[in-house]
J.: 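Submitted below is the structure of interest, expressed as structure tokens.
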Amino acid sequence: MKSYPITKSRRVRSTPFTSRIEKQGVTAYTVYNHMLLPAAFGSIEDSCEHLKKDVQVWDVAAERQVEIFGEDAANLVQLMTCRDLSKSKIGRCYYCPIIDDNGNLVNDPVILKLAENRWWISIADSDVIFFAKGLAAGNNFKVEIFEPNVDIIAIQGPKSFALMEKVFGKKIIELKFFGFDYFDFKGTKHLIARSGWSKQGGFEIYIENTESGLDLYDYFFEIGKEFNLKPGCPNLIERIESGLLSYGNDFDNNDNPFQCGFEKYVNLDSEVTFLGKEKLKKIKKEGIKRKLMGVHLETDKISLTKSLKITDNEGNLMGELRSACYSPHFKEVIGIAMINEPYCKSSVKGKLKIDGNSVSVKVCDLPFI
Ligand code: THG
């Protein structure tokens, strides 16, 4: 397939690591939060296998931070999410659906509590900053809202623990999942969390001091040979197999958290106030009519650029395929689909058309692995 380069500009922002990953062989980008997000370093099948075995460094600076600072910071953050943060702790990350007044999803960030009055919302691809500013203005909240100079690099894969221990010492291994703390690199402190958009284990380094961050990036590759360290990026295959959802692909502002399997992050019985709470109670009471499910496709090739309709064998609409890839593990195409009732059950069969050819579809539960 012929490919067409994206022109870089001030609007399609580079990251501090762009020149490095281009020397290291990045072969595709996507645009995320108006910023370049690497999408491939050659074969995504090979990268997936490497990620499951060794360790990779990812330029995920496009996971931008929205900082909420000031005396109403906690109120504003809580107003935006259906997850109860009243017992949240400083030094912890929380995966939090952001919900609008209709009970629909606006984003699915990781939220970091830096202090009672200081939070980072580490966003997926939608303009949360304007949503936050609108809510703050409408509620007369005393807060400052801005995008701080923070660029994340993720260290992902089973050997990330040994690599990180070598750079930061034994203490980094004691970080609990979704905990964060500050760690020293050559005299500069960096916020490091045990998190990342893969299920292979790892860390995310929130770089505020760009110069030290670039030095750290280069240092990883200086010492990383013994761990077979390679540059990488969020991997389509690994994330679908693991059931990590992607805002804008698997779900968007037309979907609610119950349809997306986020019920464990929806706290309707708590005292806290958040946008869309009454709507979500109503949706829960009435029950949902569609749900994100896994699908197996009887084919070995797919390149999805828009959603595809899935029908049952009589031609009735069953749902739509929203993400898909060839999985070397399953030796067929797997995907994530929004499936309508009464088809949201494992083993239900249907079909879809790819390039004019009919392909069998089988519904399954998420995650695949
Ligand atoms: N890290 C950081 N920011 C991000 C992402 C990230 N912003 C954009 C995007 N990714 C947000 N989406 C997700 C989706 C899933 C997870 C994190 C961010 C995730 N989920 C775990 C899981 O599903 O097992 C844990 C969730 C939990 O607490 O139960 O890690 O990757 N900084």
Side-chain angles (χ1 to χ4, degrees), residues 15 30-39 51 56-67 80-85 87-89 91-99 105-114 119-129 147-148 150-157 160 175-181 190-208 213 232-236 238-252 255 257 260-267 292 294 323 336 365-369:
T15 88
T30 184
V31 176
Y32 193 89
N33 288 319
H34 318 281
M35 188 174 255
L36 295 173
L37 174 63
L51 172 61
Q56 299 179 351
V57 172
W58 298 356
D59 169 6
V60 283
E63 293 168 357
R64 302 309 292 166
Q65 308 308 301
V66 176
E67 178 161 337
M80 291 197 286
T81 181
C82 56
R83 182 164 180 180
D84 180 357
L85 292 174
K87 293 185 183 69
S88 60
K89 295 190 181 73
R92 300 279 314 163
C93 305
Y94 298 89
Y95 183 44
C96 296
I98 294 189
I99 307 295
L105 285 149
V106 167
N107 202 286
D108 68 327
V110 174
I111 297 183
L112 290 79
K113 184 173 184 174
L114 302 165
W119 304 68
W120 280 348
I121 308 179
S122 186
I123 59 172
D125 184 29
S126 73
D127 292 312
V128 169
I129 193 164
E147 186 185 286
V150 175
D151 300 289
I152 301 181
I153 56 174
I155 317 299
Q156 299 288 296
S160 62
L175 259 187
K176 294 211 170 66
F177 184 66
F178 266 44
F180 70 80
D181 208 340
H190 294 277
L191 189 162
I192 303 182
R194 220 187 106 198
S195 56
W197 212 56
S198 86
K199 291 263 185 171
Q200 307 310 313
F203 300 84
E204 293 182 299
I205 310 174
Y206 290 70
I207 289 161
E208 294 175 84
C233 54
N235 186 281
L236 181 69
E238 196 279 339
R239 78 98 180 155
I240 292 178
E241 287 178 351
S242 301
L244 287 167
L245 301 182
S246 168
Y247 184 86
N249 289 318
D250 305 317
F251 66 100
D252 61 25
D255 305 310
C260 300
F262 290 144
E263 42 286 301
K264 73 171 172 171
Y265 311 112
V266 184
N267 301 131
L292 284 182
S323 292
I336 297 171
D365 292 318
L366 287 172
F368 288 91
I369 296 177

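First listed ligand is number 1; within each ligand, the first listed atom is number 1. Because the structure is a prediction, the values reported are computed rather than measured.
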J.: In the protein, what heavy atom is nearest to atom 21 (C) of ligand 1, and what distance, to one decimal place, separates them?
T.: Phe177 CZ, 4.3 Å

J.: Is any N or O atom of Tyr206, backbone or side chain, closer than 3.5 Å to an N or O atom of ligand 1?
T.: yes

J.: What protein heavy atom sits nearest atom 24 (O) of ligand 1, and how far away is it?
T.: Lys199 NZ, 2.5 Å

J.: With heavy atoms only and a cut-off of under 4.0 Å, state how Phe178 meets ligand 1: side chain, backbone, both or neither.
T.: side chain

J.: Using only heavy-atom distances, determine whether the side chains of Asp127 and His34 contain a donor-acceptor pair under 3.5 Å.
T.: yes

J.: Give yes if a backbone or side-chain nitrogen or oxygen of Asp108 is under 3.5 Å from a nitrogen or oxygen of ligand 1, and no if not.
T.: yes

J.: Please report the closest heavy-atom contact between Trp120 and Pro148, naming both atoms and the distance.
T.: NE1-CG, 3.8 Å

J.: Assess Tyr265 for proximity to ligand 1: is some non-hydrogen atom of it under 4.0 Å away?
T.: yes

J.: Could you give me the CA-CA distance, side-chain angles and deciding distance for Tyr95 and Phe262, then say whether ring-ring contact (aromatic ring centres under 6.0 Å, His included) is met?
T.: CA-CA 10 Å; Tyr95 183 44; Phe262 290 144; 5.8 Å; yes

J.: Among all protein heavy atoms in this structure, tell me which lies nearest to atom 13 (C) of ligand 1, with the distance rounded to 0.1 Å.
T.: Tyr95 CE1, 3.4 Å

J.: Can you tell me the protein heavy atom closest to atom 3 (N) of ligand 1 and the distance?
T.: Ser122 OG, 2.7 Å

J.: Using a 4.0 Å heavy-atom cut-off, say whether Ile123 meets ligand 1 through its side chain, its backbone, both or neither.
T.: backbone

J.: State, without any angle test, whether Gln65 and Ser122 hold a side-chain donor-acceptor pair at a distance under 3.5 Å.
T.: yes

J.: Of the backbone atoms (N, CA, C, O) and the side-chain heavy atoms from C-beta on, which set of Val110 has a member under 4.0 Å from an atom of ligand 1: side chain, backbone, both, or neither?
T.: side chain

J.: Give me the nearest non-hydrogen protein atom to atom 20 (N) of ligand 1 as residue plus atom name, then the distance to 0.1 Å.
T.: Leu244 CD2, 3.9 Å

J.: Give the atoms of ligand 1, by number and element, whose distance to some non-hydrogen atom of Ile152 is under 4.0 Å.
T.: 32 (N)

J.: Identify, by atom number and element, the atoms of ligand 1 in contact range of Tyr32, meaning under 4.0 Å from any of its heavy atoms.
T.: 8 (C), 9 (C)

J.: Using a distance-only test with no angle check, is there a side-chain donor-acceptor pair under 3.5 angstrom linking Ser323 and Asn249?
T.: no

J.: Using a 4.0 Å cut-off to any heavy atom of Glu204, which atoms of ligand 1 qualify?
T.: 1 (N), 2 (C), 6 (C), 31 (O), 32 (N)

J.: Hey, which atoms in ligand 1 end up nearer than 4.0 Å to a heavy atom of Trp197?
T.: 10 (N), 12 (N), 13 (C), 14 (C), 15 (C), 18 (C), 31 (O)

J.: Distance check, rounded to the nearest 0.5 Å: Ile111 atom CD1 versus Tyr94 atom OH?
T.: 10.5 Å

J.: Looking at Leu366, Asp108, Leu292, which one forms a side chain to side chain contact (heavy atoms under 4.5 Å, CB included) with Asp250?
T.: Leu292

J.: Please find the pair of heavy atoms, one from Gly196 and one from Gln156, that lie closest to each other, and give the distance.
T.: CA-NE2, 3.5 Å

J.: Closest approach of Pro38 and Cys233, non-hydrogen atoms and distance?
T.: O-CB, 3.2 Å

J.: Among side-chain atoms of Glu238 and Gln200, is any donor-acceptor pair under 3.5 angstrom?
T.: yes

J.: For Ala124, take its heavy atoms, then give the atoms of ligand 1 lying under 4.0 Å from any of them.
T.: 7 (N), 8 (C)

